[in-house]
Amino acid sequence: MEFKQSFKIWPGQSFAPFFLSQTAVASAACIQLIALSRLLVTQTNSGFYTGLGVVTAPIPGVIVSLLAGRIGDRFSSRLLLIFFDVLRGVFVLIFAFSKTAGATLFVMLVVSFLDVFYSPARSKLFRGLMTEGELLRGSALLTGGSGSVNLLVPMLTGLFVHTFGVMAAFVISGAFYWLSALLLLKLPRQAPPVSQKRVRPFGAMAEGIIICLRSPELRRVLALVAALDVGTVAVNIAFYAYAFDVLRVTSRYWGLLLSVLYGMNLFAMLLLLRYKNYFDKNPLLKVTLFLPVIALVWYLYGLTGSLARILILAAAEGLFASLAGTLLTTRLLSSADKRYAARVTGARDLVSSASKLIGIGAATLLLVFFPPAAVFISSAALLLAAAFLLLAWQADDGGQKHHGVIAPEERSGYDE
């Protein structure tokens with residue numbers, strides 16, 4: 001009995017179907033990404049335009065991020081996730097009938113809006129399933145589930161696409177989304193949301209932003225999210241151009257690369273579970289210290305043309321980016337009142353999308369005049385500068401701990 005308690009990994013029975021559901025979603029998204037990359041490369045005959053399309057398609061969702069957070073808190077998050085999983089499965093199948101790059105990008109745009117509405121509801125449901133002390137453990141397990149998927153699925157998908165084509169891959173991706181919906185049906189029904197007073201729609205949607213601005217800890221989380229997203233999206237766009245236009249990689253190598261990059265989530269999970277007490281202490285400082293490591297990897301991308309060395313660098317980037325992302329997600333949810341988890345996530349998505357727009361613009365401008373290596377090096381310099389500024393910000397606060405988040409109803413006469 002003592003052994004079981006000391007070696008506890010699984011947070012609880014209700015977590016199991018949620019974990020399996022999100023693993024199915026990760027599988028669907030992974031297959032979808034690889035199939036889309038190959039489809040767009042075929043339709044545009046350009047790695048640059050493929051990367052730009054894949055990275056840019058989710059950005060318009062920024063206009064509904066706050067609304068998505070509001071809806072995620074107001075309605076049953078379980079039912080919302082089931083609804084959006086079913087819809088995503090349907091729209092992914094439409095890719096199989098897309099004959100032009102324009103049609104493909106339009107369907108990508110629709111799917112990206114569904115993803116925006118999915119994210120806050122997912123955070124709300126996850127936060128409701130976890131106790132305060134189990135948040136990092138649950139986040140680590142979700143990261144590990146995603147890592148397990150990304151360690152195997154990209155390679156298998158690359159071989160599958162090479163053998164059977166992208167159309168069959170989209171069918172399998174849609175089936176995984178529907179499997180997620182079926183698994184979520186096994187979760188216990190949630191209590192109906194508490195009735196709320198009518199408020200101005202804009203004011204209701206803006207509550208996520210207000211909560212984040214009132215909390216120093218949440219402001220720090222959003223600053224770290226912004227720093228990572230600006231550089232990451234710029235590097236991603238440049239990497240598509242570098243891989244497909246310069247290195248001329250095959251679908252099989254591309255699948256292997258993604259397996260290495262995202263498969264490191266599994267190793268990040270093992271580290272987070274093994275050293276949970278260490279990562280629980282001042283996690284944002286640790287994330288800030290990870291930024292220079294990621295910057296160094298990006299810098300080295302620009303100096304090597306070796307496919308073997310790129311795989312090693314991708315493994316390093318994947319590990320530290322996964323650690324940083326998991327710690328940021330955990331800190332975001334633990335710093336916010338669980339009643340407003342969806343709204344805070346919507347605010348995070350808004351900041352993330354705005355940061356990605358900046359990264360997309362900067363990368364596109366640089367690639368007009370310079371090779372992809374210039375984007376890798378400039379992104380590394382930007383991330384390094386952000387790390388020093390954030391460390392100075394942390395030191396200026398004197399290590400003060402901020403507890404509690406001002407609830408919206410305390411300011412606007414709004415009852416939850």
Begin from the C-alpha positions of L182 and W178 and carry the test side-chain contact (heavy atoms from CB on, under 4.5 Å) through to its verdict.
-> CA-CA 6 Å; L182 290 174; W178 292 335; 5.8 Å; no

L183 and Q22: CA distance, side-chain angles, deciding distance, side-chain contact (heavy atoms from CB on, under 4.5 Å) verdict | CA-CA 9 Å; L183 288 165; Q22 296 311 297; over 6 Å; no

Any sub-3.5 Å donor-acceptor pair from T364's side-chain atoms to I360's backbone N or O?
-> yes

Would you call D229 and I358 a side-chain contact if the rule is heavy atoms closer than 4.5 Å?
-> no

Are any side-chain N or O atoms of S173 and backbone N or O atoms of A28, one a donor and one an acceptor, separated by less than 3.5 Å?
-> yes

Which distance, rounded to the nearest 0.5 Å, do you find between the CG of L391 and the CG of L285?
-> 6.5 Å

Could you tell me whether the side chain of V221 reaches within less than 4.5 Å of the side chain of V287, counting heavy atoms only?
-> no

Shortest non-hydrogen contact between R331 and L284, atoms and distance = CG-CD2, 3.9 Å

Report yes or no: do D349 and S119 form a side-chain donor-acceptor pair below 3.5 Å?
-> yes

One should read off an interatomic distance between L81 CG and S76 OG, to the nearest 0.5 angstrom, of 8.5 Å

Taking all non-hydrogen atoms of both residues into account, name the closest pair between N265 and G318 and its distance.
-> OD1-O, 4.3 Å

Do F84 and F117 have ring centroids that are under 6.0 Å from one another?
-> yes

Minimal heavy-atom distance between W298 and T232, with the atoms involved, is CH2-N, 3.4 Å

Closest approach of L222 and R348, non-hydrogen atoms and distance?
-> CD2-CA, 3.8 Å

Kindly assign one of parallel, tilted or perpendicular to the pair F239 and Y301, based on the angle between their ring planes and the thresholds 30° and 60°.
-> perpendicular

Gap between atom OG1 of T345 and atom OH of Y118 - 0.5 Å precision = 13.0 Å

Strictly by modelled atom types, are S139 and T329 linked by a side-chain donor-acceptor pair under 3.5 Å?
-> no

For K286 and Y278, indicate whether the former's side chain and the latter's backbone hold a donor-acceptor pair under 3.5 Å.
-> yes

Straight-line distance of T143 OG1 to L323 CG, nearest 0.5 Å | 8.5 Å

Over all atoms of both residues, closest heavy-atom pair of S355 and V230 = O-CG2, 3.4 Å

F15 side chain near L142 side chain, heavy-atom distance below 4.5 Å | yes

Atom pair CG/CZ of D85 and R122 - distance to nearest 0.5 Å = 11.0 Å

Answer yes or no for K186 and F18: cation-pi contact, defined as NZ/CZ to six-membered ring centre under 6.0 Å and angle to ring axis within 45°.
-> no

To the nearest 0.5 angstrom, please state how far the CG atom of L270 sits from the CG atom of L266.
-> 5.0 Å

Pair I31-F170, side-chain contact (heavy atoms from CB on, under 4.5 Å): steps then yes or no | CA-CA 7 Å; I31 296 169; F170 286 128; over 6 Å; no

For L291 and A387, which heavy atoms make the closest approach, and how far apart are they?
-> CB-CB, 3.8 Å

Report yes if some heavy atom in the side chain of L184 is under 4.5 Å from a heavy atom in the side chain of P17; otherwise report no.
-> no

Within 6.0 Å of CZ in R219, more than 12 heavy atoms from elsewhere = yes

L383 and I294, any side-chain heavy atoms less than 4.5 Å apart = yes

Passes ring pair (Phe, Tyr, Trp, His ring centres under 6.0 Å), F290 versus F320? Steps please.
-> CA-CA 6 Å; F290 292 156; F320 285 97; 5.6 Å; yes

Are side-chain heavy atoms of T326 and M269 found at a separation under 4.5 Å?
-> no

Flag side-chain contact, heavy atom, 4.5 Å: L319 against L271 = yes

Determine yes or no for a side-chain-to-main-chain donor-acceptor pair under 3.5 angstrom, with S180 supplying the side chain and F176 the backbone.
-> no

Pair L125-L187, side-chain contact (heavy atoms from CB on, under 4.5 Å): steps then yes or no | CA-CA 10 Å; L125 182 57; L187 284 175; 3.7 Å; yes

Does the side chain of V92 come within less than 4.5 Å of Y177's, by heavy atoms?
-> yes

